[in-house]
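Hydrogens, waters and symmetry mates play no part in the numbers below; they use all other heavy atoms, side chains included. Letters A, B, ... are given to chains in the order of the sequence lines, protein chains preceding strands, and every chain is numbered from 1.
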Number of protein chains: 2
Amino acid sequence: MQNVKKIDPRPNISEDIANTLRNMIFDGYFSAGERINEVHLSTELGVSRTPLREALTTLAAEEALYHSPRRGFFVSELSREEFEDIYPMRAILDPAALRLSGRPSRESFSKLERINEKMKGTRDFKTRASLDDEWHLELIRDCNNRVLIGQIKLFMNRIRRYGLAFHQDRQVVEMSTTEHQEIIDALKKDDLESACEWLRRNLTSDKTPILNWLEGRKTK
Amino acid sequence: MQNVKKIDPRPNISEDIANTLRNMIFDGYFSAGERINEVHLSTELGVSRTPLREALTTLAAEEALYHSPRRGFFVSELSREEFEDIYPMRAILDPAALRLSGRPSRESFSKLERINEKMKGTRDFKTRASLDDEWHLELIRDCNNRVLIGQIKLFMNRIRRYGLAFHQDRQVVEMSTTEHQEIIDALKKDDLESACEWLRRNLTSDKTPILNWLEGRKTK
DNA sequence: TTATATTTAACTGTATACAGTATTTAGTTA
DNA sequence: TAACTAAATACTGTATACAGTTAAATATAA
C-alpha cells in the first residue's frame, strides 16, 4: 500500500482571510474601484499585514482585485468591457460540461425541479442568485472534469458582482425559471443538443439589461 | 476628459519572482512533486522570503504549485487525473475563440502558413511547442474576448508541462502540421464550422500517447 | 536488527521594523 | 482665487525576527 500522508485540513490565516475577502468582494462590501488600505484592513480583520497581503495576492490572481506597484491593491472596476468578456464564458463552459455529464439521474431531475420551484417563489435577489447557481451546478453534477467545474464556479463569482450591482439599482427582473424548465424537459426527452442550446440561451438572457445599465451609468 | 492615471510599468520583486518561477516550473527546472524550500530558494534567487512567498502564492492560485499548511509549497504532480481534466479544456475554448474571430485576415493567413512551415522543419521539441502556441494564438488573433484568450494561454502553459515531460522520455512525435493546414484550408473556403471541427481534432490528437505514457509510468 | 519514543534541527506562518515611494497638506507666488 | 512648489504624512515593498509546528536524527526498547 502506498504511504499516503494524512493531510492536515486546518487552514491558516492567509487562506482564511482570502476566503473572507472573496466573500466581502462578491457580496459588495467594497465598492468597485476602491483602494485597499492594508494597515486599516489588517487591524480591522485582526491580523498582520503579511497574511493579508498573501490573501490579496490570491484575490488579485483571481482578478477580483488588481495590483498597482507601489500604490497597492484595488477592487476591480465593473466595466462594460470586462462584462462583455466574462459573460459569454459560461455560455461556452456550461454546455460543454452538460455534454460531459449527459442525462441527469432520477434524483437529479427531482432536485432540479425542486430548486427551480423554490426560485419561482423567491424575491430576494441574493438568495435567488445562489439558487440559480445551485441549479446550474446540479445540472452538471455528473461532469467528472473538476477543472471545468472549477472554471464555471470562478465565472459564477465574477459575474455575480455585476448582477448584484445591477439589481441594487433596478427592480428584480424575472429570472429564467422557464428556461430552466425547458432544459429539464429536453433532457427528459434525451435530447442533449437542444438542452445545450437552451442552456446557452439561458446563460445569455441576462446580458442585455445589464449591458444597458452599464452603458447608462456614465453618471459616475 | 477623464483624469486617467499614468500607470507605472515597473514591476516589483514579487511579480518578477513570480514570472521567474513560472518559467522555471513550465520549463521543468523543478521536478514534479518537489517540495520548495523557501529559505534555500530565496537565497538562491537573492531575495527575502516575503516577496518569494507572495510569488509562490500567485503560482499556487494558478495551480502550478499547491500549498499544504505548515508543510509548505510543492510543485504540482503530473497525474493522469489532472491531464484528463486540463487536456480537453483547449478543445472547448479554442473553437469558441475561433468562432468569435471569424475568418483571418490576409496577413494572418500568410503568417499562419509561415509558422506552420517553420514547424515542419523544427526537430527540437521546445521550439516546436512554442511555434505551435504561436500558431494557435495567431489563428484566434481577431477574437476580441481577452478573458477567453487569457484562459487559453493559461491552459497552454499547464498542458505544456505534460508534453515536455513526455517528450523527454520518448521520441519526438510528429506534431499535427497537416491538421493546421486543414484548418487553414477550411477557413479559406469560409467554412468556419469544419475549421472548428479540425481545430478540436488537432487539440485532441496528442492525448492518447501522453495518456499511455502517464499510465505506464508506475515505476516511480 | 527493527520498531518505537525522544530529542534536535529545520522550516513555515505570522508579526514587526524600516526604507523608499506616493499622496496629501501647507505654503508661496501670480 | 488659482496654480504651483515644498514639506509632511501615509502607505507600500521588502527584510528580518520569533514562535510554533513538522520532519529528521538520535536514543531506547523489543
>> Would you say that more than 12 heavy atoms from the other residues, nucleotides or ligands in this model lie under 6.0 Å from the OH of B/Tyr66, or not?
In response: yes
A/Asp133 bridged to A/Lys153 by N-O distance under 4.0 Å:
no
Short side-chain N/O contact to [N] OP1/OP2 from [X], under 4.0 Å:
| X | N | answer |
| --- | --- | --- |
| B/Arg71 | D/dT21 | no |
| B/Arg70 | D/dT22 | yes |
| B/Ser14 | D/dG13 | no |
| A/Ser48 | C/dT14 | no |
| B/His67 | C/dG13 | yes |

Rounded distance (Å) that lies between atom [atom2] of [N] and atom [atom1] of [X]:
| X | N | atom1 | atom2 | value |
| --- | --- | --- | --- | --- |
| B/Ile13 | C/dA19 | CD1 | C1' | 13 Å |
| A/Leu52 | D/dT12 | CG | C1' | 12 Å |
| B/Arg35 | C/dC11 | CZ | P | 8 Å |
| B/Arg49 | C/dC11 | CZ | C1' | 7 Å |
| B/Glu54 | D/dT14 | CD | P | 7 Å |
| A/Asn12 | D/dG20 | CG | P | 16 Å |
| A/Ile17 | C/dG13 | CD1 | P | 15 Å |
| B/Glu34 | C/dC11 | CD | C1' | 16 Å |

So, [X] and [Y]: side-chain donor and acceptor under 3.5 Å apart, yes or no?
| X | Y | value |
| --- | --- | --- |
| A/Glu82 | A/Ser76 | no |
| B/Glu34 | B/Ser31 | yes |
| B/Asn116 | B/Thr177 | no |

Against the side chain of A/Glu38, the closest entry in D/dT14, C/dG13, D/dT12 is D/dT12
TODO: Could you please name the option among C/dC11, D/dT14, C/dT12 that lies closest to any side-chain atom of A/Arg53?
DONE: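 Taking heavy atoms from C-beta onward, the closest nucleotide is D/dT14.
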Looking for any heavy atom pair under 4.0 Å, which part of the strands does B/Leu41 touch: base, sugar-phosphate only, or nothing? nothing
Of B/Asn37 and B/Thr50, the one whose closest nucleotide on DNA chain C sits nearer the 5' end is B/Asn37
